[in-house]
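Along the sequence shown, residues are numbered consecutively beginning with 1.
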Amino acid sequence: MILSKILLIAGIVLMLLALVLLFKPWIAAALPAYAGLWLMHLSTYTTFPQWIFIFYGVTTLMVMGIKYLQPKGEPGGKSTGNLYLALGAIMGCLLGMLVEARFMVLGTILGTIMGQLAFSMTPHGKWLKFPKSNFIQYLCAKGLAVIVAVAMMGLAVEGFVFDIK
């Protein structure tokens, strides 16, 4: 009983760390989110199917590889794009949860795209124009990491609240 509570609290702390890493990334936020998902599952307060761990394990490895291969920062040394992408993804995830559980990931993807569109209209993001290849490359490099981490956080929230079986 006490071990279950400790594992649950550790999982929640890792999810909160992943949330902070969305805004100030020094490692990919997907890594602590995946570890938090495992700890929440092991606590027996939430139960996830095994395919979730396989799918998000593979996507976490992909995100870690992309994070390792990409250059640090953005042009001009700014990192303001993280704020737009993270807030867009979180809002999309929450709206998807309001509609239905299966729309959560779709909401996260659409929210990330909308956040990037909003960022491309700011002075710091003017180098990202929508029809150009920079937009797609930035979405694949930075947006994928945000989508995976926020989707795992949303899954953990839904698993804790609704106990997904």
### Task
Measure the CD1-CE distance between Ile6 and Met1 for me, rounded to the nearest 0.5 Å.
12.0 Å
### Task
Determine the minimum heavy-atom distance between Gly159 and Phe48, stating which atoms define it.
CA-CE2, 3.9 Å
### Task
Please answer: with hydrophobic residues joined when any side-chain heavy atoms are less than 4.5 Å apart, are Leu61 and Leu31 in the same cluster?
no
### Query
Considering only heavy atoms from C-beta outward, does the side chain of Leu19 approach that of Ile90 to under 4.5 Å?
yes
### Task
Locate the shortest heavy-atom distance separating Ile66 from Cys140; write the atom from each residue and the value.
CD1-O, 4.3 Å
#### Entry: Pairwise distance CG(Leu85) to CG(Leu144) - rounded to 0.5 angstrom
11.5 Å
### Query
Same cluster or not: are Val20 and Met153 linked, directly or through other Ile, Leu, Val, Met, Phe, Trp or Tyr residues, by side-chain heavy atoms under 4.5 angstrom apart?
no
### Task
Side-chain contact test, heavy atoms from C-beta onward, threshold under 4.5 Å: evaluate it for Tyr45 versus Met40 and give yes or no.
no
### Query
Taking C-beta and beyond as the side chain, do Leu8 and Leu39 meet within less than 4.5 Å on heavy atoms?
no
### Query
Which residue pairs pass the salt bridge (charged side-chain N to carboxylate O under 4.0 Å, His left out) test when at least one of the two sits in residues 7-16, sequence neighbours left out?
none
### Query
Same cluster for Ile136 and Met121 if Ile/Leu/Val/Met/Phe/Trp/Tyr side chains link at under 4.5 Å?
no
### Task
Output the distance between atom CG (Leu16) and atom CG (Leu21), rounded to the nearest 0.5 Å.
11.0 Å
#### Entry: OG-CG distance between Ser120 and Leu139, expressed to the nearest 0.5 angstrom
11.0 Å
### Query
Do Met97 and Val157 have side chains that get closer than 4.5 Å, going by heavy atoms?
yes
N/O donor-acceptor pairs under 3.5 Å from side chains in residues 104-118, not counting sequence neighbours:
unit_1, atom_1, unit_2, atom_2, d
Thr108, OG1, Met104, O, 2.8
Thr112, OG1, Thr108, O, 2.8
Gln116, NE2, Phe135, O, 2.8

### Query
Does Ser4 use its side chain to pair, donor to acceptor, with the backbone of Ser43 at less than 3.5 Å?
yes
### Query
Taking all non-hydrogen atoms of both residues, which atom of Ala149 and which atom of Ala30 are closest, and how far apart?
CB-N, 3.9 Å
### Ile52 and Pro49, any side-chain heavy atoms less than 4.5 Å apart
yes
### Message
Show every salt bridge (charged side-chain N to carboxylate O under 4.0 Å, His left out) that has at least one partner inside residues 92-108, sequence neighbours left out.
### Response
Glu100-Arg102
### Message
Hydrophobic clusters here meaning ILVMFWY residues chained together by side-chain heavy-atom distances under 4.5 Å, can you tell me if Tyr34 and Val58 are in one?
### Response
yes
### Task
In sequence, state the C-alpha distance, the side-chain angles, and the governing distance for Met152 and Val148, and then conclude on side-chain contact (heavy atoms from CB on, under 4.5 Å).
CA-CA 6 Å; Met152 280 192 279; Val148 169; 3.6 Å; yes
## Note on the structure
side chain to side chain donor-acceptor pair (under 3.5 Å) pairs touching residues 49-64, sequence neighbours excluded, are none
### Query
Would a distance-only check, ignoring hydrogens and angles, find a side-chain to backbone donor-acceptor pair under 3.5 Å from His41 to Thr47?
no
### Task
Heavy atoms only: give me the nearest Pro32-Ile27 pair and the separation to one decimal.
CD-CD1, 4.3 Å
### Nearest heavy-atom neighbours spanning Val146 and Ala86
CG1-CA, 4.1 Å
### Message
If you compare all heavy atoms of Ala28 against all heavy atoms of Lys67, which two are closest, and at what distance to 0.1 Å?
### Response
N-CE, 4.0 Å
### Task
Could you list all the ring pair (Phe, Tyr, Trp, His ring centres under 6.0 Å) pairs where at least one residue sits in residues 81-104, not counting sequence neighbours?
Tyr84-Phe119
### Query
Apart from Ile54 itself, what residues make up its hydrophobic cluster, given side-chain heavy atom links below 4.5 Å?
none
#### Entry: Approximate separation, where rounding is to 0.5 Å, of Leu98 CG and Leu94 CG
7.0 Å
### Query
Out of curiosity, Trp38 CH2 to Leu7 CG, how far, rounded to the nearest 0.5 Å?
12.5 Å
### Query
Do Val13 and Leu3 share a hydrophobic cluster, counting only Ile, Leu, Val, Met, Phe, Trp and Tyr and linking them when any side-chain heavy atoms are less than 4.5 Å apart?
no
### Query
Run the side-chain contact (heavy atoms from CB on, under 4.5 Å) check on Leu37 and Met15 step by step: do they pass?
CA-CA 8 Å; Leu37 200 64; Met15 288 294 174; 4.0 Å; yes
